[in-house]
Amino acid sequence: MSNDDISRFEKSKKEWEETTLKKTLSARPERAEKFITTSSRPIKRLYTPTSFSPDDYLKKEGFPGQYPYTRGVHATGYRGKLWTMRMFAGFGTAEETNQRFKYLLEQGQTGLSIAFDMPTLYGYDTDAPQALGEFGKCGVAISSMRDMEVLLDGLPLDKVSTSMTINSPAAVIWAMFIAVADKRGIARKKLAGTIQNDILKEYIAQKEYIFPPKPSMRLVTDTIEFGTEHLPLWNTISISGYHIREAGSTAAQELAFTLGDGIEYVKWAIERGLDVDAFAPRLSFFFNAHNDFFEEIAKYRAARRIWAKVMREQFGAKNPRSWLMRFHTQTAGASLTAQQPENNIARVAIQALAAVLGGTQSLHTNSMDEALALPSEMAVRVALRTQQIIAHESGVANTVDPLGGSYFVEQLTDEMEAEAWDYFEKVEALGGVLPAIEAGFFQQEIADAAYRYQHEIDTRQRIVVGVNEYDTEEQLQIPILEMDPQGYEVQVARLNEVRRTRDNRAVKSRLADLRAAAKGNKNTMPVILDAVKEYATLQEIMDVFRDVFGEYQEQAII
Amino acid sequence: MPERKIRVLVAKPGLDGHDRGAKVVARALRDAGMEVIYTGLRQTPEMIVESALQEDVDVVGLSILSGAHMALLPIIAQRLKEADMEHVLIVAGGIIPDEDIEKLKEAGIDAVFNPGTPTQEIVDFITSHVTLD
């Protein structure tokens with residue numbers, strides 16, 4: 001387009017402002033002086049084209065399935081294959097969770113996702129003193145390979161992919177999974193799935209760390225190396241913004257901190273001597289889907305574009321599969337309200353729709369009752385049905401990136417990208433991700449954003465339906481999940497039987513091998529596998545690491 | 001002489017690391033003019049009682065989101081009582097179902113604040129229940 005065309009456009013815009021807009025505003029002023037997103041980002045009244053050049057389109061958006069992937073990683077979007085509907089589940093004993101998985105598969109779910117209980121996440125066995133009261137509360141308890149055998153019993157591990165939300169003890173839990181598959185004769189190269197294994201966001205947000213950052217990063221790099229060699233279909237890490245957002249960050253912080261973590265993992269793997277194109281295609285991401293519809297969509301689109309640039313330009317990756325970002329999405333737990341919980345169905349639907357329009361590869365939709373307790377079966381079904389309605393009834397999966405070209409969405413995408421690059425520079429100035437963690441940089445940024453958000457609600461600058469507006473006295477009774485009251489005894493009995501019947505001499509010797517490996521610099525995965533196969537417990541293995549690596553204490557920041 | 005400030009210990013018992021609520025509340029109490037001590041994560045009941053004693057607080061605020069509240073909160077209330085801190089106001093927040101709230105109150109927790117509680121409500125509850133000597 002010529003300069004003449006542009007000036008004609010600007011002239012028309014100005015005329016509109018001075019006539020139609022002015023008249024409307026004088027007849028009816030706007031509802032607020034300023035409009036902001038969930039992340040307090042100011043939003044303009046109207047977005048109009050900023051560019052009339054096909055070159056800009058090709059550079060910034062391009063075509064789906066091609067660099068820089070702004071419009072998605074598949075050339076045909078969801079016309080080829082819908083996203084994977086993957087509901088995160090886990091509670092109580094391995095038996096109970098196994099039953100829930102079978103139910104979800106019968107209901108049309110297409111992938112498994114395992115939640116572990118707190119003791120497991122911290123590398124404690126169920127009967128450890130630190131585990132008091134925590135058994136099975138927010139996930140399934142796995143203390144040894146025997147529990148994993150029960151958990152996976154009858155599940156088609158070679159046909160569905162399995163995601164495991166586990167971080168500090170990721171290598172050990174993954175080894176238990178692989179050991180069960182080995183025992184069932186399923187080839188390792190056929191195993192598909194993901195371990196979260198993202199320790200950096202634990203220091204930044206979720207705080208389920210055990211060891212100091214450096215030995216933790218070494219264990220993560222061990223799993224990346226092992227997976228690259230032996231499990232080509234396994235995502236050895238799911239670099240997660242979800243928890244950063246839940247801790248209170250803005251959308252742009254979620255984007256920037258997550259991708260910054262991703263860059264750090266790539267650096268460590270390259271340092272280990274791995275070829276970037278050998279491991280990068282198996283890096284996966286995990287984002288939050290919060291309430292602010294367009295800001296979320298812009299976040300996913302910006303994430304793909306930034307990652308493609310980083311991998312190609314900064315790390316020199318040559319394989320296009322290394323450039324493209326695949327991600328899982330979960331709707332925002334922190335957005336759910338305990339008041340009028342049925343309203344959460346509507347929130348989840350809006351959030352899920354944003355994830356789909358943002359091009360997610362898989363999706364978990366939260367259940368309406370999660371601000372109150374673990375989800376009941378009925379609530380989980382409604383959440384899964386929400387995804388199925390989006391997929392089959394809404395029509396949004398019929399075309400690729402339906403919002404591409406929206407003046408608003410494209411400009412928000414650019415803004416999000418620019419903010420992320422600014423943050424990368426700030427972190428670099430602090431000496432990188434690890435020093436920034438130790439300095440409490442991310443933690444402070446998140447705490448500030450969380451406080452601002454709460455303040456906006458408290459002062460009613462932000463309306464939360466059913467909480468600070470439209471509240472009712474009426475209490476809705478929703479069914480709450482009851483767990484097997486005998487679960488703890490079942491689990492501890494199994495654990496004691498394992499300790500009694502295994503070859504305790506072999507366990508001792510494997511743990512000694514593990515200690516030597518931890519002190520040295522060889523990959524720990526093969527020795528962990530040997531130890532779990534002898535039924536060494538999770539805590540026995542993690543205690544060796546605690547002893548060798550030490551435990552991390554953070555500076556508490558308000 | 002200016003009145004002394006209300007002293008509050010904000011603590012995270014249990015294993016969960018979800019500290020968003022604890023931090024937001026800690027900051028709101030501080031902004032409301034209280035002196036706030038935040039323990040950080042993974043505090044055992046013993047550690048919490050020890051900190052409450054050492055810091056000579058008027059209020060103990062407990063934040064827990066893992067579901068282990070029924071196992072941990074009554075123990076903390078009991079231990080505070082045993083340590084002659086019966087006068088200390090104990091408040092809790094987190095994902096706590098209604099049916100548990102009654103039981104916690106019987107066990108000595110003075111108030112339980114659910115998700116969505118305005119921070120001002122917590123401030124008001126504390127200022128109206130603490131008498132400074």
Side-chain angles (χ1 to χ4, degrees), chain A residues 91 117-119 121-122 124 129-139 202 205-209 243 246-249 333-334 336-339 369-374 443 446-448 450-455 457-460 464 466-468 471 475 477 480 483 553-558, chain B residues 8 10-32 36-46 51 64-76 93-101 112-123:
Chain A
F91 57 92
D117 74 354
M118 280 294 160
L121 294 172
Y122 283 108
Y124 293 121
Q130 294 88 340
L132 177 69
E134 307 271 12
F135 161 76
K137 285 285 200 269
C138 41
E202 296 299 338
Q206 190 174 231
K207 314 293 170 74
E208 286 163 11
Y209 46 74
H243 320 80
E246 289 292 293
S249 83
L336 302 182
T337 63
Q339 297 79 1
D369 50 3
E370 288 185 56
L372 300 163
L374 284 176
Q443 298 92 314
I446 294 169
D448 289 347
Y451 190 64
R452 185 177 64 222
Y453 183 81
Q454 183 62 41
H455 184 74
I457 293 173
D458 286 349
T459 53
R460 292 171 47 86
V464 181
V467 175
N468 64 358
D471 48 339
Q475 286 287 326
Q477 285 302 320
I480 301 261
M483 279 191 273
Q553 287 282 343
E554 76 161 2
Q555 287 289 339
I557 289 169
I558 297 179
Chain B
V8 187
V10 174
K12 285 258 335 138
L15 291 178
D16 81 275
H18 304 100
D19 56 5
R20 174 180 184 166
K23 286 180 172 186
V24 167
V25 170
R27 208 145 142 177
L29 300 182
R30 199 175 62 189
D31 287 356
V36 179
I37 302 107
Y38 173 52
T39 61
L41 301 170
R42 300 185 210 173
Q43 301 287 303
T44 63
E46 291 73 21
S51 304
I64 183 161
L65 289 96
S66 71
H69 48 272
M70 290 312 291
L72 293 170
L73 303 194
I75 297 180
I76 297 167
I95 306 280
I96 300 178
D98 280 350
E99 60 201 67
D100 289 347
I101 293 179
V112 176
F113 298 104
N114 268 332
T117 305
T119 51
Q120 190 59 42
E121 194 177 316
I122 304 171
V123 171

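Numbers restart at 1 for each chain; the letters A, B, ... are given by sequence-line order, proteins then strands.
For chain B, the option among A/Ala338, A/Ala371, A/Ala556, A/Pro119 with the highest count of heavy-atom pairs below 4.5 Å is A/Ala371. Considering only heavy-atom pairs separated by less than 4.5 Å from chain A, the leading option among B/Ile95, B/Asp31, B/Leu41 is B/Ile95. Of the listed residues (A/Gly466, A/Ala205, A/Ala247, A/Ala447), the greatest number of heavy-atom pairs within a distance under 4.5 Å of chain B belongs to A/Ala247. Between chain B and the residues A/Glu246, A/His455, A/Glu202, the most heavy-atom pairs under 4.5 angstrom are made by A/Glu246. Options B/Thr44, B/Val36, B/Asn114, B/Asp19 differ in how many heavy-atom pairs under 4.5 Å they form with chain A, and the most are formed by B/Asp19.
Side chains of A/Asp448 and B/Arg27 form a contact here, defined as non-hydrogen atoms less than 4.5 Å apart. At a threshold of 4.5 Å between non-hydrogen side-chain atoms, the residues B/Val10 and A/Ile558 do not count as touching.
For a residue to count as touching a neighbouring chain, one of its non-hydrogen atoms must lie under 4.5 Å from one of that chain's; by this rule A/Gln553 does not touch chain B. For A/Tyr209, the parts lying near chain B are the backbone and the side chain together; criterion is any non-hydrogen pair under 4.5 Å. The contact between A/Leu132 and chain B is made by backbone and side chain atoms together, counting heavy-atom distances below 4.5 Å. Contacts between B/Leu65 and chain A at a heavy-atom distance below 4.5 Å are absent for every atom of the residue. Only the side chain of A/Gln454 comes within contact range of chain B, with heavy atoms under 4.5 Å apart. Only the side chain of A/Tyr122 comes within contact range of chain B, with heavy atoms under 4.5 Å apart. With a threshold of 4.5 angstrom between heavy atoms, B/Thr119 approaches chain A through its backbone and through its side chain. Heavy-atom distances place both the backbone and the side chain of B/Ala28 under 4.5 Å from chain A.
Contact detail for B/Gln120 and A/Asp458: the closest heavy-atom pair is N-OD2, 4.5 Å. Taking every heavy atom of both residues into account, B/Arg20 and A/Ala334 meet most closely at NH1-CB, 3.7 Å. Nearest heavy atom pair, residue A/Lys207 against residue B/Gly17, reads CG-O, 3.5 Å.
Checking side-chain atoms of A/Gln339 against main-chain N and O of B/Pro115 turns up a donor-acceptor pair under 3.5 Å.
Within a 6.0 Å radius of CD in B/Glu46, other residues, nucleotides and ligands contribute more than 12 heavy atoms.
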Which side-chain N or O atoms in residues 67-74 of chain B pair as donor and acceptor under 3.5 Å with protein atoms at least two apart or in another chain?
residue: B/His69; atom: NE2; partner: B/Asp100; partner atom: OD2; Å: 2.8

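Taking OG of B/Ser66 as the reference point, atom NZ of A/Lys137 lies at 8.0 Å (rounded to 0.5 Å).
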